[in-house]
Amino acid sequence: MMALLFAIWAGVFALAWAGRRREAIFAGLFALVLCVAMFRHHITDTIDIDL
Amino acid sequence: MTAGWDTQAVIRALNVLGALIVFGVVIGAYTVQFVDQEAPCPLCLLIRLGMLAVGFGFLLNARFGPRPAHYGFILLSALFGAAVAIRQILLHIVPGTGSYGDAVLGLHLYTWAFLVFSTVIFAVAVAMFFSRQFERSPLASPALVVHATTVLFAIGFLLALLNVVTTTIECGVGFCPDNPQPGAFG
């Protein structure tokens with residue numbers, strides 16, 4: 001799944017490189033949302049700080 | 001259109017420098033992975049994604065000219081990266097809870113990452129004070145900036161592709177293990 005995220009980012013770079021600015025920005029925002037979802041998935045441990 | 005250095009060209013060059021720095025950090029992380037035989041954890045991979053996203057935002061400014069939307073993209077990416085990095089710092093903040101990987105120059109990679117993302121947020125805030133960069137420039141971007149931007153687009157694209165390969169070897173098609181085994185690919 002993480003590899004898929006990197007693949008999407010490769011596509012985002014390719015789009016911008018080819019001059020497709022608007023499409024690249026939308027694809028980048030979509031990729032960023034997927035990254036946030038992946039981050040949420042990997043928050044598995046609770047942080048226990050005794051202050 | 002003649003090429004030359006005005007406010008916009010300087011800002012474009014600084015964005016090229018920013019992309020160079022964040023891609024350098026990803027290359028550094030790769031060096032640690034293979035030299036120290038440390039497979040990246042899922043949060044480490046998300047930090048790499050944050051760095052690539054920030055670099056992409058910088059390259060948008062370098063390729064298409066500085067625009068508020070590009071800076072917004074950089075800020076969102078840096079906030080995401082900083083959130084992941086600080087999550088990992090907090091996991092190990094209590095004495096005796098260990099750490100992930102070896103320290104580099106006295107700090108762990110996720111701590112360095114947090115400092116880089118924080119610096120990016122600060123630098124973007126400062127850069128946005130220079131409003132003349134958003135005006136249409138009569139000068140073309142200097143050749144050095146154009147060529148450097150092309151090279152960095154290639155580097156960003158290749159880094160993302162390389163991560164597709166190494167992450168697939170490490171994690172397969174499923175989710176990455178939270179605590180990878182020792183070795184470059186866990």
Side-chain angles (χ1 to χ4, degrees), chain A, chain B residues 40-43 45-50 52-53 55-57 59-60 62-65 67 69-70 72-73 76-77 79-81 83-84 87-94 97 149-150 152-176 178:
Chain A
M1 296 297 280
M2 198 76 83
L4 180 67
L5 280 180
F6 282 108
I8 293 172
W9 273 107
V12 171
F13 273 99
L15 273 175
W17 199 0
R20 310 287 292 268
R21 173 183 168 272
R22 186 178 292 267
E23 291 86 347
I25 290 177
F26 279 114
L29 286 173
F30 174 67
L32 213 49
V33 170
L34 290 181
C35 288
V36 172
M38 184 66 84
F39 177 41
R40 179 69 191 82
H41 172 82
H42 279 288
I43 298 179
T44 51
D45 301 320
T46 53
I47 298 172
D48 183 20
I49 303 174
D50 183 6
L51 297 174
Chain B
C41 58
L43 293 180
L45 290 169
L46 286 169
I47 287 173
R48 283 187 196 182
L49 282 163
L52 286 179
F56 170 73
L59 288 180
L60 283 177
R63 168 89 163 76
F64 301 102
R67 296 189 198 183
H70 301 165
F73 196 96
L76 284 176
S77 306
L79 282 172
F80 163 74
V84 178
R87 160 76 191 179
Q88 199 164 7
I89 292 169
L90 287 174
L91 280 173
H92 305 295
I93 199 166
V94 178
T97 53
T149 303
T150 306
L152 284 168
F153 259 116
I155 291 174
F157 177 73
L158 289 174
L159 276 175
L161 272 191
L162 192 61
N163 271 286
V164 172
V165 177
T166 54
T167 308
T168 305
I169 295 171
E170 182 190 344
C171 309
V173 290
F175 288 104
C176 295
D178 282 330

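Labels below follow one simple rule: chain letters A, B, ... track the order of the sequence lines, proteins then strands, and each chain is numbered from 1.
- Contacts of Leu4(A) with chain B are absent, with no heavy-atom separation under 4.5 Å from either backbone or side chain.
- Taking Leu76(B), Leu49(B), Leu45(B), Leu59(B) one by one and counting their heavy-atom pairs under 4.5 Å with chain A, the maximum is reached by Leu49(B).
- Neither the backbone nor the side chain of Ala31(A) comes within contact range of chain B, judged by heavy atoms closer than 4.5 Å.
- One side chain, His70(B) or Arg21(A), offers a donor N or O that lies under 3.5 Å from an acceptor on the other.
- Using a 4.5 Å heavy-atom threshold, the side chains of Met2(A) and Leu46(B) count as touching.
- Separating the CZ atom in Arg48(B) from the CG atom in Leu162(B) is a distance of 8.5 Å, to the nearest 0.5 Å.
- Taking the six-membered ring where the residue is Trp, Phe13(A) and Phe153(B) present perpendicular rings, their angle passing 60° and hence far from 30°.
- Residues Phe80(B) and Val33(A) fail the side-chain proximity criterion, which asks for heavy atoms closer than 4.5 Å.
- In terms of non-hydrogen atom pairs under 4.5 Å with chain B, the most contact-rich of Ala16(A), Ala7(A), Ala24(A), Gly19(A) is Ala16(A).
- In this structure, the portions of Leu52(B) lying under 4.5 Å from any heavy atom of chain A include both its backbone and its side chain.
- Both the backbone and the side chain of Leu5(A) come within contact range of chain B, with heavy atoms under 4.5 Å apart.
- In terms of heavy-atom pairs under 4.5 Å with chain A, the best-connected choice from Leu161(B), Val173(B), Val84(B) is Val84(B).
- In this structure, chain A has no heavy atom under 4.5 Å from any part of Thr149(B).
- Here Phe73(B) pairs with Phe56(B) under the ring-ring contact (aromatic ring centres under 6.0 Å, His included) rule; sequence neighbours left out.
- The contact between Phe64(B) and chain A is made entirely by side chain atoms (from C-beta outward), counting heavy-atom distances below 4.5 Å.
- The shortest distance between side-chain heavy atoms of Phe39(A) and Leu43(B) falls below 4.5 Å.
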